[in-house]
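For reference, the structure is listed below as structure tokens.
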Protein chains: 2
Amino acid sequence: MNIGEAAKTSGVNAKLIRHYESIGIIPKANRSDAGYRVYSDADVNILSFVKRARGLGFSMKEIKKLVGLWRNKSRSSSDVKNLALTHVKDMEQKISELQSMVKTLNHLAKFCHGDNRPDCPIIDSLAKEKA
Amino acid sequence: MNIGEAAKTSGVNAKLIRHYESIGIIPKANRSDAGYRVYSDADVNILSFVKRARGLGFSMKEIKKLVGLWRNKSRSSSDVKNLALTHVKDMEQKISELQSMVKTLNHLAKFCHGDNRPDCPIIDSLAKEKA
DNA sequence: CTTACGCCTTCCAATAGTTGGAAGGTCAAG
DNA sequence: CTTGACCTTCCAACTATTGGAAGGCGTAAG
């Protein structure tokens, strides 16, 4: 199938497929006589795999590793598990940072009148205090 | 003071200060005879303001607005409050997405042996299921 | 046959935010 | 006068994706 159909089937944009190929995330596609990329069902599976991994927040670097592990039948499951758990830790770190920001901002907003007067604890805090 | 000292005082990297100036986040600095940027205490305050707003996760676009509101004495506090609360909503959205990813990955990792065998529910799920 | 339209190709640029380097000018001390 | 620390501008990289331009290919209709 052509790249358009592969895109529709896998849910990965045609432009993105070319990009993934160019940075080596996925193997280079075979070409037709006219130079069109040709995809098999197996190729589409890789694309879907990448899409799902992105959906779980893995970086392209991590996904490159995951694709390698996926295609490597002699892989050990611990490699994958370590990658996944490291990723979980990163996300948990990010979550707690965001929660801290939300807490601070909500606290500041609570004391902000939100009317036409210029007094605003949010601005005052950004201007004067150590956030 | 020169850009180096302004950087040290405000906590914003000299390189970043020039960048902020170039994209219009902060006003253009005055120059010495030799062309060096010269900063006043007020300029440093703006830089610190920007740094704190970044620390709260505001985008540069939002910070541009915030700086404008800060310097505008006739602003209404509701403008700032709306900006802040919109930002909070965005962050809360991001938090729940991350939490959902963490939950899914932890669930998958729980059933992964993490030994030398190739069986791995994480990989299997990425390959076959709708994540 | 030829025109039209939709798909394909490559390359180049933009987004957000920062960081890094190269090549060169300036300033103060030794 | 030279050394070294500072400053200047410009250009490129990072992550991941999206957009456009310019051109080739494939098929259906006039």
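Throughout, a chain's letter reflects where its sequence line sits, starting with A, and its residues are numbered from 1.
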May I have the distance from [X] (atom [atom1]) to [N] (atom [atom2]), rounded to whole angstrom?
X     : N      : atom1 : atom2 : value
A:M60 : D:dT15 : CE    : P     : 11 Å
A:R18 : C:dC7  : CZ    : P     : 12 Å
A:K64 : D:dA16 : NZ    : P     : 11 Å
A:R37 : D:dC25 : CZ    : C1'   : 15 Å
A:N2  : D:dT27 : CG    : C1'   : 13 Å
A:I17 : D:dA16 : CD1   : P     : 17 Å
A:I25 : D:dT17 : CD1   : P     : 9 Å
B:H19 : D:dC14 : NE2   : C1'   : 13 Å

| query | Mapping A:A34 and A:L16 onto DNA chain D by nearest heavy atom, which one lands closer to the 5' end? | reply |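 Its nearest nucleotide lies further toward 5', so the answer is A:L16.
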| task | Return the 5'-most residue of the pair B:F58, A:V38 with respect to DNA chain C, ranking by each residue's nearest nucleotide. | result |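 So the residue in question is A:V38.
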| Nearest-nucleotide pick for A:I3, side chain only, options being D:dT8, C:dC8, D:dT17 |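 Minimum distance to the A:I3 side chain belongs to C:dC8.
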| query | Of the candidate nucleotides D:dT18, C:dG17, C:dT19, which contains the atom at the shortest distance from the side chain of B:S59? | reply |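 When the side chain of B:S59 is considered, C:dG17 is the closest of D:dT18, C:dG17, C:dT19.
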Would you say the base of [N] and the side-chain of [X] have a donor-acceptor pair closer than 3.5 Å?
X     : N      : result
A:K15 : D:dG20 : yes
B:K61 : C:dG17 : no
B:Y36 : C:dG25 : yes

| task | Determine the Euclidean distance between corresponding P atoms of D:dT8 and C:dG17; express it in Å to zero decimal places. | result |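 Here C:dG17 and D:dT8 have their P atoms 23 Å from each other.
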| message | Distance check, C1' atoms only: C:dT15 and D:dT9, in whole angstrom units. | response |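 Those two atoms are separated by 23 Å.
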| message | Please evaluate residues B:S48 and B:N45 with respect to the criterion side chain to side chain donor-acceptor pair (under 3.5 Å), reporting the C-alpha separation (whole Å), side-chain torsions for both, the decisive distance (0.1 Å), and the verdict. | response | CA-CA 5 Å; B:S48 303; B:N45 280 340; 5.1 Å; no
Determine: side-chain N/O of [X] to OP1/OP2 of [N], distance under 4.0 Å, yes or no.
X     : N      : result
A:R31 : C:dT10 : yes
A:Y20 : D:dT17 : yes
B:R54 : C:dT18 : yes

| task | Would you kindly confirm whether B:V80 and B:M91 end up in one hydrophobic cluster when ILVMFWY residues are joined by side chain heavy atoms under 4.5 Å apart? | result |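 Same hydrophobic cluster.
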| request: Verify the cluster assignment for B:Y36 and B:M1: are they in a single hydrophobic cluster under the rule of side-chain heavy atoms below 4.5 Å apart? | output: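 Result: no, two separate clusters.
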| task | Report the C-alpha distance between B:T9 and B:Y39 in whole Å, list the side-chain angles of each, state the deciding distance to 0.1 Å, and finish with yes or no for side-chain contact (heavy atoms from CB on, under 4.5 Å). | result | CA-CA 11 Å; B:T9 314; B:Y39 294 90; over 6 Å; no
| request: Kindly check if the number of other-residue, nucleotide or ligand heavy atoms within 6.0 Å of CG (B:N30) is above 12? | output: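 No, the 6.0 Å shell around CG holds no more than 12 heavy atoms from other groups.
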